[in-house]
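What follows is a single structure, written as structure tokens, with notes after it.
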Amino acid sequence: WTPTWTSKNGTEFRKVTGSTWSTITNDAELLAAWDEVGTSETTVTVATGELYILDLGNGGAFALVEITDVVETANDNNDYVQFRYKKQNL
């Protein structure tokens with residue numbers, strides 16, 4: 001199992017490298033971080049501690065997602081990804 005997220009609805013992912021969960025506290029900071037990180041992807045392989053900004057593709061809404069845990073189990077299909085998120089209030 002590979003902990004991969006793939007967009008099925010046009011959502012775009014950008015991995016954040018220059019900011020943290022606690023430093024992005026409002027819409028302006030979220031959009032500035034989006035602009036700073038460059039290329040968008042529609043498929044990403046996630047790992048614990050990584051931070052992503054998502055363009056949700058529904059009228060300009062963005063969300064910040066922090067991967068809090070990736071659990072891989074052997075041969076029982078109980079693998080999962082835990083995350084927390086902040087979404088713009090449009």
Next item on the list: Step by step, work out the side-chain contact (heavy atoms from CB on, under 4.5 Å) result for V46 and F13.
Entry: CA-CA 11 Å; V46 300; F13 307 94; over 6 Å; no
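Atom CG in D69 sits 12.5 Å away from atom CZ in R84 (nearest 0.5 Å). Summarising the geometry, atom CG belonging to N26 is positioned 10.0 Å from atom CD belonging to Q88; distances are rounded to the nearest 0.5 Å. Summarising the geometry, atom CD1 belonging to I24 is positioned 10.0 Å from atom CG belonging to L31; distances are rounded to the nearest 0.5 Å. In this structure, the separation between OH on Y80 and OG1 on T73 is 9.0 Å, given to the nearest 0.5 Å. Taken to the nearest 0.5 Å, the CG atom of L64 stands 8.5 Å off from the OG atom of S19. For the atom pair L30 CG and L54 CG, the distance stands at 9.5 Å (nearest 0.5 Å).
Under the 4.5 Å side-chain criterion, counting only non-hydrogen atoms from C-beta, F62 is not in contact with D27. A 4.5 Å side-chain heavy-atom check between T68 and W21 finds every atom pair outside the cut-off.
Across every non-hydrogen atom of V16 and V37, the tightest pair is CA-CG1, 3.7 Å. Across every non-hydrogen atom of E29 and T23, the tightest pair is OE1-O, 3.1 Å. Taking each heavy atom of T2 and T45 in turn, the nearest pair found is CG2-CG2, 3.8 Å. L56 and A63 make their closest contact through CD1-CB, 4.2 Å (heavy atoms, listed as atom of the first residue, atom of the second, distance). The nearest pair of heavy atoms linking T11 to T42 is O-CG2, 4.1 Å.
Under the 4.5 Å side-chain heavy-atom criterion for ILVMFWY residues, no single connected hydrophobic cluster contains both V71 and F83.
Identified under the salt bridge (Lys or Arg N to Asp or Glu O under 4.0 Å) test for residues 4-17, with sequence neighbours left out: K15-E50.
For N75, the CG atom is loosely surrounded, since the number of other residues' heavy atoms within 6.0 Å does not exceed 12. The number of heavy atoms from other shown groups lying within 6.0 Å of CG (N77) does not exceed 12.
Under the side-chain hydrogen bond (donor to acceptor under 3.5 Å, both in side chains) criterion, T39 pairs with no residue, sequence neighbours left out.
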